[in-house]
Amino acid sequence: MPLSIATWNINSVRLRQDLVVRLAAEHAPDVICLQETKCPDAHFPRRIFEQLGYRHIELHGQKGYHGVAVLSRRQIEPVIARPFCGIGDCRHICVDVDDGRGGKVRLHNFYVPAGGDEPDPAVNPKFAHKLAFLDEMTAWFAAERDAVAPSDRAVLVGDLNIAPLADDVWSHTQLLRVVSHTPVETEGLERVRAALGWVDVVRRHIPPPEKLYTWWSYRAKDWAAGDRGRRLDHVWISPGLSAACDRVAVLREARGWDRPSDHVPVIARLDI
DNA sequence: ATGGTAGCTGTGCTA
């Protein structure tokens with residue numbers, strides 16, 4: 001029974017709940033992972049999603065900023081919502097998803113800090129926070145790799161706020177000094193990936209040199225004409241499970257929906 | 001040379 005998982009930075013779930021409904025209606029992913037919900041848990045619009053069949057909901061939200069959520073048509077169990085960097089930001093939630101055959105898939109949903117404008121951790125605390133967040137992810141997954149019983153049925157999704165490859169941005173050379181594509185970030189993200197051997201299944205299905213983006217700035221006059229995008233949203237799968245991923249989709253068209261998020265959904269399907 | 005838009009908050013911050 002295939003398991004499909006979507007990830008989407010929704011930029012306010014209350015403002016754009018109708019767009020999540022549209023995603024559910026048109027693509028029916030089994031699980032929807034959201035970032036930037038900007039919504040305290042007590043005010044999350046549960047009912048609209050429950051009515052669509054997403055009856056299993058786990059939240060880690062806060063007022064105004066950040067916030068992550070998992071909506072699922074399959075049974076899920078909460079595992080942890082880790083407070084990275086010792087501050088209260090809601091940027092991670094982890095659940096176990098019932099795989100329909102007596103097993104489970106561990107699912108991490110991340111919202112990595114954007115990092116501000118200046119790519120120098122000595123003068124920009126937001127950039128220092130971003131790099132520290134990546135280092136903590138690396139240490140955490142390295143510990144998981146070395147654990148007595150490591151999970152090799154795991155999926156990591158989210159807005160990682162880094163475009164790792166040259167073809168993940170509209171201009172590699174022009175963005176090398178722009179936060180999201182600097183070498184210190186892409187190298188840091190590569191250490192996170194390598195800590196557990198995560199497989200970037202989106203790029204396995206849509207390899208370079210094809211350009212691939214999941215985010216376009218609101219500030220462009222015409223996002224589609226300029227097409228100055230970046231691939232900030234990712235789906236990674238643990239080595240033992242990665243071969244099961246038989247389909248991925250980047251829903252570029254969602255950037256053109258009415259009152260859109262600046263990010264689009266990415267969906268991966270696991271044939272398990 | 002450095003603006004442009006968006007959301008939430010509260011008269012600015014974050015992205």
Side-chain angles (χ1 to χ4, degrees), chain A residues 7-23 33-45 48 59-69 83-92 109-121 123-134 157-164 168-171 173-182 184-186 188-189 213-234 252 254-266:
Chain A
T7 178
W8 196 6
N9 179 321
I10 194 62
N11 188 19
S12 174
V13 68
R14 283 177 288 187
L15 195 68
R16 296 189 223 286
Q17 64 181 46
D18 290 350
L19 298 189
V20 183
V21 169
R22 183 170 177 180
L23 171 70
C33 294
L34 300 174
Q35 304 88 35
E36 278 207 275
T37 54
K38 298 184 174 179
C39 181
D41 294 349
H43 297 146
F44 195 90
I48 185 76
L59 304 172
H60 189 209
Q62 66 185 87
K63 182 177 170 183
Y65 302 100
H66 324 312
V68 289
F84 277 80
C85 301
I87 55 179
D89 287 3
C90 297
R91 296 182 178 275
H92 169 258
N109 177 12
F110 275 98
Y111 176 50
V112 172
D117 289 331
E118 180 59 51
D120 179 354
V123 301
N124 175 7
K126 290 196 285 254
F127 196 68
H129 178 214
K130 185 177 196 175
L131 299 181
F133 196 102
L134 295 174
V157 306
D159 175 5
L160 305 184
N161 264 316
I162 296 171
D168 292 339
V169 292
W170 63 275
S171 169
T173 51
Q174 287 183 254
L175 285 167
L176 272 173
R177 295 168 56 83
V178 174
V179 171
S180 72
H181 195 59
T182 65
V184 67
E185 292 169 87
T186 57
L189 189 66
Y213 315 134
T214 65
W215 173 89
W216 293 260
S217 172
Y218 283 126
R219 296 173 188 175
K221 282 191 175 63
D222 183 335
W223 72 273
D227 199 20
R228 294 185 168 192
R230 307 177 198 172
R231 187 172 73 105
L232 305 180
D233 303 273
H234 299 271
R252 178 185 169 103
R255 187 64 177 78
W257 291 354
D258 189 41
R259 293 260 276 164
S261 170
D262 46 355
H263 296 252
V264 298
V266 181

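- Going from the C1' atom of dA15(B) to that of dG3(B) covers 16 Å, rounded to whole Å.
- The pair Arg219(A)-Asp262(A) does not count as a salt bridge, with every side-chain nitrogen at least 4.0 angstrom from each carboxylate oxygen.
- Inspection of the Trp215(A) and Asn9(A) side chains reveals no N or O donor paired with an N or O acceptor under 3.5 Å.
- Among the protein residues, Arg259(A) comes within range of the sugar-phosphate backbone only, with heavy atoms under 4.0 Å from sugar or phosphate atoms but none that close to a base.
- Atom OH of Tyr218(A) and atom P of dG4(B) are 18 Å apart (whole Å).
- Rounded to the nearest Å, the gap between the C1' atom of dT14(B) and that of dG4(B) is 16 Å.
- For the pair Glu118(A) CD and dA15(B) P, the interatomic distance rounds to 15 Å; values are reported in whole Å.
- Looking only at atom types and distance, the side chain of Glu36(A) has no donor-acceptor partner in the side chain of Ser12(A) under 3.5 Å away.
- Among Trp216(A), Trp170(A), Tyr213(A), the one residue that satisfies the ring-ring contact (aromatic ring centres under 6.0 Å, His included) test with Trp223(A) is Trp216(A).
- For the pair Asp117(A) CG and dG4(B) C1', the interatomic distance rounds to 13 Å; values are reported in whole Å.
- Counted within 6.0 Å of CG on Asp120(A), heavy atoms from surrounding residues, nucleotides or ligands total more than 12; the atom is thus considered enclosed.
- Between dT5(B) and dG10(B), the two P atoms lie 24 Å apart (nearest whole Å).
- Asp233(A) and Thr214(A) share a side-chain donor-acceptor pair at under 3.5 Å.
- Atom P of dT2(B) sits at a distance of 23 Å from the matching atom of dA6(B), rounded to the whole Å.
- Between Arg219(A) and dT2(B) there is no side-chain polar atom (N or O) within less than 4.0 angstrom of OP1 or OP2.
- Nearest-nucleotide positions on DNA chain B place Pro260(A) closer to the 5' end than the other of Pro260(A) and Asn9(A).
- Using a 4.0 Å cut-off, some side-chain N or O of Ser12(A) falls inside it from OP1 or OP2 of dC8(B).
- Atom CD in Glu36(A) sits about 18 Å away from atom P in dC13(B), given to the nearest Å.
- Distance from the side chain of Lys126(A) is smallest to dT14(B) among dA6(B), dT14(B), dG7(B).
- Of the residues near DNA chain B, Thr37(A) and Tyr111(A), the one whose nearest nucleotide (by heavy atom distance) lies more toward the 5' end is Thr37(A).
- Note: CD1 (Ile162(A)) to P (dA15(B)) measures 13 Å, nearest angstrom.
- Rounded to an integer number of Å, the gap from Leu15(A) CG to dA6(B) P is 11 Å.
- Between Lys221(A) and dG4(B) there is no side-chain N or O to OP1 or OP2 distance below 4.0 Å.
- In this entry the distance linking CG of Asn161(A) with P of dT14(B) reads 14 Å, nearest Å.
- Of the candidates dA6(B), dA15(B), dG12(B), the closest approach to any side-chain atom of Arg16(A) belongs to dA6(B).
- In this structure, His263(A) atom NE2 and dT14(B) atom C1' are separated by 12 Å, rounded to whole Å.
- Listed pair Arg91(A) / dA15(B) meets the phosphate criterion, a side-chain N or O lying under 4.0 Å from OP1 or OP2.
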